[in-house]
Amino acid sequence: MITRHHMALGLMCALIVCSSFFLSEPLPMIMVISGTCTGVFLPDIHMTRPKRFTFRTLAWLIVQFPRRICAPIICRIYAHTRHPVLDPADKRLTHSIPGVLFIFAFASAFLYIPARLINGTLAGLIALFAGGVLLGMGLHLTEDLCTRKGIFPFFPFSSWTVAGSIRPCDRTDPRIARYHIQHCAVLIVLFWLESEGILAPALFLPVSVAGISFCLITMVYFSEVSLRQDHGPAGITRAPSPAKST
């Protein structure tokens, strides 16, 4: 997915999660949503700097944290594995479960430890923000595995790729628009249930989790996701080598 798709889908998913305490606890909601909107950008360490200042420039600035701090450390660690990486901007580093967990652990320690030393309440808010960051990065991987370039879930332990059939820049493909509408519809239903008081408060969290699970599962299903092998750094299938003449 491209940046604006990640932002829109990530924001709606964060609001779906926060529907369980929407309006009743605005500050925790803000922390979760801001963390999610930050996390959806972090895996894109290969993002190029925009030529002029736009919304994408803010995303690029956020990405500099994992690109300049986390990615070089991951490269040093992966140098001792079966799939060493020399380029800190290689997307395989962060479009994987190990890479996402490393960034989450590093960012959480960077934010939580100073906050804990200052104030316990602040530490609790930072924990909510960190939870949102993890949610955002998880959403990023889920959205990207629906595209043709896909993700590398177990890199560097495996070179297998999970990829779908969507080309994010193909405006003739209506599926991405449908995913936006689907997420928005679930969000509207949950907000309606909250405003009308129809659903018991204890049921809001499981219902919101069911709502976001429905959105993501159907998105993956209709993107024709499959497991693939022998992909290059950018997730492009390598052409078979020509047969040698005898």
Side-chain angles (χ1 to χ4, degrees), residues 1 3 6-7 9-11 13-14 17-18 27-28 30-49 56-145 149-162 233-235:
M1 300 286 183
T3 303
H6 282 306
M7 181 61 190
L9 294 173
L11 177 59
C13 285
V17 171
C18 291
L27 186 56
I30 291 172
M31 296 305 293
V32 173
I33 292 175
S34 58
T36 304
C37 292
T38 300
V40 292
F41 300 134
L42 291 178
D44 276 345
I45 57 174
H46 58 290
M47 183 187 298
T48 56
R49 183 174 185 175
R56 191 168 173 271
T57 306
L58 299 177
W60 179 84
L61 290 172
I62 292 173
V63 166
Q64 298 314 297
F65 170 77
R67 179 170 182 170
R68 297 183 182 276
I69 299 177
C70 299
I73 300 175
I74 298 176
C75 283
R76 287 176 175 261
I77 297 172
Y78 288 3
H80 305 284
T81 66
R82 291 179 54 192
H83 303 282
V85 176
L86 300 178
D87 183 9
D90 191 327
K91 67 176 288 184
R92 293 177 297 175
L93 294 172
T94 52
H95 283 70
S96 65
I97 296 173
V100 160
L101 293 178
F102 182 89
I103 295 174
F104 169 71
F106 196 97
S108 297
F110 181 78
L111 295 173
Y112 182 80
I113 294 176
R116 184 66 181 176
L117 295 174
I118 296 172
N119 183 276
T121 303
L122 178 61
L125 294 175
I126 292 298
L128 289 174
F129 179 84
V133 168
L134 183 61
L135 172 63
M137 289 193 290
L139 292 172
H140 186 110
L141 294 188
T142 304
E143 292 158 9
D144 272 5
L145 67 82
K149 291 184 178 180
I151 65 171
F152 310 82
F154 303 112
F155 189 85
F157 308 105
S158 171
S159 61
W160 284 83
T161 303
V162 179

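Computed from a prediction, not measured in an experiment: that's the story for all the values here.
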Checklist entry - Does CG in Leu27 sit with more than 12 non-hydrogen atoms of other residues, nucleotides or ligands closer than 6.0 Å? => result yes
Checklist entry - Which heavy atom of Thr81 sits nearest a heavy atom of Ile77, and at what distance? => result CG2-O, 4.0 Å
Next on the checklist: Any donor-acceptor pair under 3.5 Å linking the side-chain atoms of His46 with those of Asp87?
Outcome noted: no
Item to check | Distance (rounded to the nearest 0.5 Å) between Phe110 CZ and Ile126 CD1 | outcome: 10.5 Å
Checklist entry - Taking the side chain as C-beta and beyond, is there a heavy-atom pair between Cys70 and Phe65 under 4.5 Å? => result yes
Checklist entry - Where is the tightest heavy-atom contact between Ile73 and Phe102, given as atom of each residue plus distance? => result CG2-CZ, 3.6 Å
Checklist entry - Taking all non-hydrogen atoms of both residues, which atom of Tyr112 and which atom of Ala123 are closest, and how far apart? => result CE1-O, 3.4 Å
Item to check | Spacing of CD1 belonging to Ile45 relative to CG belonging to Leu93, to within rounding of 0.5 Å | outcome: 4.5 Å
Checklist outcome for this item: dist Trp60:CH2 -> Met47:CE (nearest 0.5 Å) comes out at 10.5 Å
Checklist entry - Can you find a heavy atom in the side chain of His95 that is under 4.5 Å from one in the side chain of Phe155? => result no
Item to check | Nearest non-hydrogen partners of Ala130 and Ser108, listed with the distance | outcome: CB-OG, 3.7 Å
Next on the checklist: I'd like to check Leu42 versus Phe104 (side-chain heavy atoms, cut-off strictly below 4.5 Å). Are they in contact?
Outcome noted: no
Checklist entry - Less than 4.5 Å apart, any side-chain heavy atom of Thr36 and any of Leu11? => result no
Item to check | Ile62 side, atom CD1; Asp44 side, atom CG - distance, nearest 0.5 Å | outcome: 11.5 Å
Checklist entry - Out of curiosity, Leu145 CG to His140 NE2, how far, rounded to the nearest 0.5 Å? => result 10.5 Å
Next on the checklist: Using modelled atom types and a 3.5 Å cut-off, is there a donor and acceptor pairing between side-chain atoms of Asp144 and backbone atoms of Met1?
Outcome noted: yes
Checklist entry - Looking only at heavy atoms, what is the nearest atom pair of Ala109 and Pro114, with distance? => result O-CD, 3.8 Å
Item to check | Cys13 SG to Ile33 CD1 distance, which is reported to the nearest 0.5 Å | outcome: 11.5 Å
Checklist outcome for this item: Between Arg67 and Ala89, the two heavy atoms sitting closest are NH2-CB, 3.8 Å
